Every structure is written in structure tokens, then in C-alpha cells.
4 protein chains.
Amino acid sequence: MAYKRSALMQERLADNRERIVRAARKLIGAGGLREASINAVAAQAGLSTGALYRYFPSKAELFVEVLNDAVRNEVAILDAIVDGEGSAAQRLRAAVRSFAERALEGPHLAYAFIAEPADAEVDAARILCRQQFGNVFKRVLREGIARGEFPAQALDVSAACIVGAYTEALVRPTATQTRRGAGDARLVAEIVEFCARAVGAPLDAGGSGKHHAKTQRTPKRKTA
Amino acid sequence: MAYKRSALMQERLADNRERIVRAARKLIGAGGLREASINAVAAQAGLSTGALYRYFPSKAELFVEVLNDAVRNEVAILDAIVDGEGSAAQRLRAAVRSFAERALEGPHLAYAFIAEPADAEVDAARILCRQQFGNVFKRVLREGIARGEFPAQALDVSAACIVGAYTEALVRPTATQTRRGAGDARLVAEIVEFCARAVGAPLDAGGSGKHHAKTQRTPKRKTA
Amino acid sequence: MAYKRSALMQERLADNRERIVRAARKLIGAGGLREASINAVAAQAGLSTGALYRYFPSKAELFVEVLNDAVRNEVAILDAIVDGEGSAAQRLRAAVRSFAERALEGPHLAYAFIAEPADAEVDAARILCRQQFGNVFKRVLREGIARGEFPAQALDVSAACIVGAYTEALVRPTATQTRRGAGDARLVAEIVEFCARAVGAPLDAGGSGKHHAKTQRTPKRKTA
Amino acid sequence: MAYKRSALMQERLADNRERIVRAARKLIGAGGLREASINAVAAQAGLSTGALYRYFPSKAELFVEVLNDAVRNEVAILDAIVDGEGSAAQRLRAAVRSFAERALEGPHLAYAFIAEPADAEVDAARILCRQQFGNVFKRVLREGIARGEFPAQALDVSAACIVGAYTEALVRPTATQTRRGAGDARLVAEIVEFCARAVGAPLDAGGSGKHHAKTQRTPKRKTA
DNA sequence: CATGAATGAGAATTCATTCAT
DNA sequence: TATGAATGAATTCTCATTCAT
């Protein structure tokens, strides 16, 4: 209290936490959880290993935060889409499209969080995160069924299948090739239609949710 | 020192290789990749660690073989179904059902091969294996589209989506609960229908491919 | 930059030093040396870690001071007893009793200073401190021998043995149980008699030094 | 089974365990528990750190073994003395003498095991060990009291005090000086008499248990 | 050829001490 | 001068791989 903590320092501190998370995200994105040792993360963040432990009590908790962070972001975007206007089918399509497009931008990260467990603790968090994704889809499915847009179906199974479907479709090419390109648009469109058909949505009359997609699509992550 | 390599010895060698793979599969099935250390695998196989390295140059290569083995097995079963009789839709349903049912029986093995951390080499193999699964579905999709049973769609995307869909739907509950039970039948049925709808298959008139499922379903793995 | 070093500041400095020592003592008493990290001590003292290093050049030196402090306190009490009135035997008994009683009240502190791991520097201080205790007993022994109350014996050996005897007798139960209780009075009495016999004191006729014990016993430490 | 394990190899294995224990004992003896890091012990034993874990599951368990080893040795010797012939007083004197003499030979080791805890697990073992020493003295005390040689007294307290007394008397000089010398005989004799008086033993008529001491005294540790 | 003991490079985590602000 | 964030060496333990026997 005697000495004022300079604004610069305050910033540095908040910064460091963010830097660590970002460093972890970057490393995980680049090489999977395997490459993200505490030492590597600290180095990438420009800190010592000890410093890292000032911000996170354990590697597992850091990873859980990275995961939750990424998911919170995604879920917020999906929520906005799903709670928006239009038919359930339109919103479902827009949600799938939106998620798929962003996943294509951060390939390895998506992969790591979907298919590359580490610790029991992190694993548990991952399960929860996927359920969060699932919940978004459950909402729009429930509504669509109530409105008569979709046939009756098990919400949880369909929701999980949707998450799995685009996950797999995106992860596979992603894992091999690194360059993003022309095929992406088609890929996304096909995934969207797959999911739409899967839930029994009527054929898309006029552009697969472009209306919503236009406003919501692909916000950049605040931090790279 | 000059051992004749008798037929018996040749057999012994082939035997050992098989024992190692089996041992690895058993350990992975029981406790995931984490439980399958080289020492544990060797012990389970009744061999020394050194001997194991006579058959496999590295842990990664052993795991790749275990993976390929399991997949070859699955793919053979799926092939038989897909190349069998009935409409494309029936065969697609039967294939999904068959795979899902078997995955539910050996949860940890499925989980390990889908979602557990491993080194890059094993990961790469994983991708290839999933492509193999995808290829099976591509065949039946192509046929169905040609026959006019399914609408036009990107084969590779749909195939990947199918693999991803049931993978996710199966892995998630598997990761949490260990006991198989009453819900399984419903789960499988829902996954099957999700996939059927997704590819635009006509509604199942009369029992979701029971015909084929009856003859093909759930062959036990030859070895435990 | 040019601060007058006011009397108030001087006091503040002395104060801080004392606060640090007290904080360390409290933490050690509560949880042993292991709980008394530099950060914890600083926090407990309401100072920054950096500030702590203004008063003590190292952890070891701080602990040595804590140790010396505690011992100085004890030795003062023992001195008063030993230099008091009554036969040498009475005073010896009273001293042993007094020490034992206080040790039972602050078990962890006693234990820490007797038996916890520390670096070489602290260890060395420990030895010196025990010698200080020993010196008190040497004085009363010397006097008792001169008066013919005790038989001839090696002063230093007997003194050390006394310190060791009650140390051991006290530390052992302390390490296992935490609650102080009914057995304590008996324990103390037995230790007193053991030491009395050991130095060849005549049988206690009438109450094992209660006279002195009454006036001297168990002054509270000034600070908690 | 196919390949016979050479006698030489067998020996090496048994040897290694012993070498590790010896290495730990040596390091502890030389510099206390502080100096006995896993790496240091392994190096001293001429092994890698990994090898050490083939023989001991943890550092704590290694230390407990070193401790138990040393104590088992001591207790066996004390048992033989205490269960030998002669008056209880003679045997008590002989036991104290025997222990004290051996402790003077391995100063730091004794110190480490008496006054230098490390781990909760090791600590617990130490308490038990001291109780084992105590038990030996309890036996001879009980017998002496029954025979009317010693006055009534609390066995456990007296036993603990004896252990503490010679411990302290031996440890202190030991911690400071390293050279053993002329004073040792006197030191031991004084400790013996202190303990004898302490339990109320009659004056030693003729040489402080030389009879027994002559036959039992100071067997060398089998391994250095 | 088989054995399995030994290797040794990491991995996560802790904490006394320092030093920019 | 006080602060407390940052340092980084040290610790215990793991396990894929090797190699003397």
C-alpha cells in the first residue's frame, strides 16, 4: 500500500496470466498436448517455470483453463446463433457452420481438445466441455422438434453425434494438411448439410443459413 | 549356437509377435494406454522386455500394429456387411449398428484408440485407421447415391461425419460410466437413425436392418 | 530520499524484527519447520518477503534467532530457579519440572527445535542451545556436589544426559499425540524423579520441589 | 529359465540392494539426511537413479530400511546383553555401555536417526525405532524392579529417558568434534553411571558390568 | 538368442533469494 | 525504502530403450 503499484505493473500481471494461457494454447495448437510441457509453456510465455506456478497451481489446472477458455468463447458464439432468429433448421445450420469455420482456423487446438487427453483431471474437463457444446445443439433440436421442424429423436444422442460429426470431418484433413484453402468452403457446407439431414431438417431453401451466418460468422479470437 | 530354424521355431516367433499384440490389446482394453507400459506388455505376454524389442522396434510401432490389427478386424466385418445384400440404406444401418455394438463391448480399447494421448506416430496411424473406416462407408454411400437411395453428397465428408458421429456418441458415455447396460440398445438405435437420416436414407420400414444385423452382429474377437 | 531516521522509525525497525521472529515462532509452533517458509513467515508478519531480507540475511539466520530467542527465554527461567533458594536437589527438580511443563505446552515448537530437519547452520545453533540448557544444570550440579548433596560425577555428561532424558521423554509422545492431557502430570513427575535419581539426589521428602515450582512455573511466553 | 542366471549376477543383485543401503548409510553418516538425495545415493552406490527405484519404491522407504537395519542390529545386541546373566543392574549398565560405544563409532548416523527427521514416513519409523530401544530397557527395568534391585518407577518414562540421556550426551560432542579419542572411555563410563543411578541401581561394586561388557562389546557392523 | 537390470534424459513441482519498479 | 513477482537450480520419480551376460 505504501508504494503504489504502477499501472504498468498491474498490466504486466494480468498480462502474464494471459500470456501463459496464450503460450499453452499456441503450443497445444502447434504440436498437441505432448509439446506443451511446463517448461515449454513457460519459455514460450517468456517466463520461468516458477513464475508459471504463481498463476496456476498445476499443469492440469492450466490446461483446464485453456480448454474452458476456448470453449466458453465458442459456446457464447453458438448460443448467440441458436438463440437468434429464424427457423430451428436455419439456426442449427448456422451454428454448425460457424463452429466448423472457426475450427478450421485453429486446427490442432481443436484436435487436442477433442482427441488428445492427458490427465484424468483434464479429461474430465474435456467431457464437460463437449457436453456444453452438446447442450447448445440440444436446445435448438428440442425447439425444432416442438415446432414440428424435426422428427422426434433422442436429443442427447443427436447432439453428441453432431459434435462428433463435424469434429471428425474437420480433424482428419486438419491433422494431415496444414494449409487452409479453397476446399474449406465446400467442406463446411457439406458438414452443415450432413448435420441438417441427420436431424431431419427440411431441405435448405436458399443458402444454408447465410442470413445468420453473415452476421455471426467467424469472429476472430481476441488473442492469438 | 547354430540353431536350425525349425518350423516349430518359426511358429514360436509368429506366436510371440501375436502374444505381444494380444497382451498390449488386453492391457489397453483394461486400463488404457497409460497402463500399457512396455514392461507391463512384456510381462503380460510372458516375455522379457528385451525380447519384445526383437519383435517391435519401438513402443509406437507396437501400438500402431495393435491399432491396425483391431481396425483390420473391424473393417473386415464392416466390409462383409457393406458388401452383403439389401438396400444401401439397410447395409449402412447394419454397419453402423455393428460397429457401435462392438465398441460398447470393449469400451476402453475403443476409447484408447480414439481419444488417448500417444506419440505422433501412433496419432498418424489413428488418422489412417479412421480413413479406413470412412472408406467402408464411402463405398456404401457411393452405391446408394448411384441407386438413387441417397441424395448427392460429398462422400468423404459424409463418411467422416458418420465415423465421428458414432465415435463421439459412444466415447462420451464410455469415458464416464464403465457398466454397460439397458440404455445401450437405445443408444445404438439412435445413432443408427441419426446416421441414416444424415445420409438421406429413407425411413426404415421395419426394424433398422435387423436382417443383416442378425447374421453379422457382434462376432467375438478371436482372442481376449 | 533523505529520510530522517526518527526514533519512531528506529522503533518500527526493531518492531519489524520482532514481528518476524514472532511470526516464525508461531508458524513453527503450529506446523513445524515445514510450514515456516519465508513467504509464509513474511505474510504472517505482515511484511513482504523482500522486507524480511532487510532484517535477516537468510532463512537459516532467522531460524537461528528464533531458536536463540526461545532458548534465552527458557534459560532465564531456569536460571532464576537454579539461582533461587532451597537445596540443590530441590532446585534441580524444580528446573526439570519447569522446563518439561513448558515444553508440553508448545509441543510443535519444542519438537521443531529438537528434532526437525534444518540446514547445517540451524543444526549448529541447536547444539549450542542445548549446551546452554546444559550449563544451567551444570551449575546446580556443581553446587550440589560441593555441598555433598550429590555424589561426584562428570558435570557436563550429567547435564547433557538430563537434557536428553527429558527431551526424549517429551518428544516421543508429542510426536504421536497432539492433545495434552491427564497423563502429563505423571509424565513430568516421573521425568523429574528420573533425573533426580540420576544425579544421586536424596529422595524427595515432601513434594518434588513444589515450593519452587509454585512460584516459578510456567510463565507464559510474552508473545504468542 | 531358459538362460541360467549366473551366480555372479545373482550376487550383483543382492549386492546392489546392499550397496544402496550402504551408500545411503554412508552419506547420512557423513552429512546427515540433507546430503542423501536420491541422486547422491545412487552415485555413491555406483548406480543410476533409475536403478535405485528397482530396489526401493521411494526415498522414504529406502531411509526407513536404512534406519530399521541399523536399529535391528543394535536391538539384537542389546537383547543379547539384557537377556544374559547377571543382576539387572549389571545388564543395564552393560547395555548402555555397549550402545554408547557403538554410537561413538558412527556418529552422524546415530545423529541422523535420532535427531534429524525428514519425511513423515521416515519420522514414524524413527519413533518406532526409539520405542524398540526403549523396550529393551523396559524389560531389564521391569525385572530389576521385580527383584527389588530398582525402586518402583514408570517403565516407559525411564526407558525413554535412558535412550534420550545417552543420545544427547553422545550426539552433542559428536556433532562438534569428529575425532574419537581418549575422552570416550570416560564419557561412556559417566553415561553408564548416570543411567544406573537414574533407575536407582545400587552402586557398582567392581567395574560397571565389565563381565558382560567383555564378551559383548562393540561388534563391528558387518558392512561399513 | 533371451534376459531383465541398468540407463539417463526428462517430467512436474518447490522455494530461498533477488531486483526492477 | 518497500514490494512481491520472477528466478532457476534442485528434488523426486518414470519409463522407453539398451546391452552385458
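Treat the numbers as computed from the prediction; the structure is a model and nothing was measured. Order of the sequence lines fixes the chain letters, A, B, ..., with proteins taken first and strands second; residue numbering starts at 1 for each chain.
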Can you tell me how far [atom2] of [N] sits from [atom1] of [X], to the nearest Å?
X	N	atom1	atom2	answer
C/Arg34	E/dA16	CZ	P	13 Å
B/Leu47	F/dA16	CG	P	16 Å
D/Leu27	F/dT11	CG	P	12 Å
D/Asn16	F/dA20	CG	C1'	14 Å
D/Glu35	F/dT12	CD	P	12 Å
C/Leu52	E/dA16	CG	C1'	11 Å
A/Leu33	E/dA11	CG	P	14 Å
A/Glu61	E/dT13	CD	C1'	14 Å

Of B/Asn39 and D/Ser58, whose nearest nucleotide on DNA chain F comes first from the 5' end? D/Ser58
Closest-nucleotide mapping onto DNA chain F: is A/Ala51 or B/Ser37 further toward the 5' terminus? I mean the 5' end. A/Ala51
Might you point out which heavy atoms bring B/Ala36 and B/Leu27 nearest each other, and give the distance in Å? CB-CB, 4.2 Å
Please name the pair of heavy atoms, one in D/Glu35 and one in D/Ala40, separated by the smallest distance, quoted to 0.1 Å. O-CB, 3.6 Å
Report the residue (C/Ala36 or D/Ser48) whose heavy-atom-nearest nucleotide on DNA chain E is the more 5′ of the two. D/Ser48
First of C/Ile38 and D/Thr49 reached from the 5' end of DNA chain E, by closest nucleotide: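 The residue whose closest nucleotide sits nearer the 5' end is D/Thr49.
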A/Arg54 side chain near F/dG4 phosphate (N/O to OP1/OP2, under 4.0 Å):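 For F/dG4, neither OP1 nor OP2 has a side-chain N or O of A/Arg54 closer than 4.0 Å.
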From C-beta outward on C/Tyr53, which listed nucleotide comes closest to its side chain: E/dA6, E/dT18, E/dT13?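 Among the listed nucleotides, the one closest to the side chain of C/Tyr53 is E/dT18.
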Of all the nucleotides listed (E/dT13, E/dT17, E/dC1), which has the minimum atom distance to the side chain of A/Lys59?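 Between E/dT13, E/dT17, E/dC1, the one nearest the side chain of A/Lys59 would be E/dT13.
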If a pair means Watson-Crick or G-U wobble with both distances below 3.5 Å, what does DNA chain E look like in dot-bracket form, with | marking bases paired to a different strand? .||||||||||||||||||||
Rounded distance [0.5 Å steps], CG in C/Leu67 versus CZ in C/Arg126: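 Output value for this atom pair is 7.5 Å.
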Nearest-0.5 Å distance, CG of residue D/Leu52 to CD1 of residue D/Ile20: 4.0 Å
Can you confirm whether A/Arg19 sits close enough to A/Asn16 that some side-chain heavy atom of one is under 4.5 Å from a side-chain heavy atom of the other?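 Counting from C-beta outward, A/Arg19 and A/Asn16 do come under 4.5 Å.
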D/Tyr55 vs D/Val21 side-chain heavy atoms within contact, under 4.5 Å: no
Would you please test D/Arg17 and D/Glu65 for side-chain contact (heavy atoms from CB on, under 4.5 Å) and show each step? CA-CA 11 Å; D/Arg17 199 167 209 285; D/Glu65 172 142 339; 2.4 Å; yes
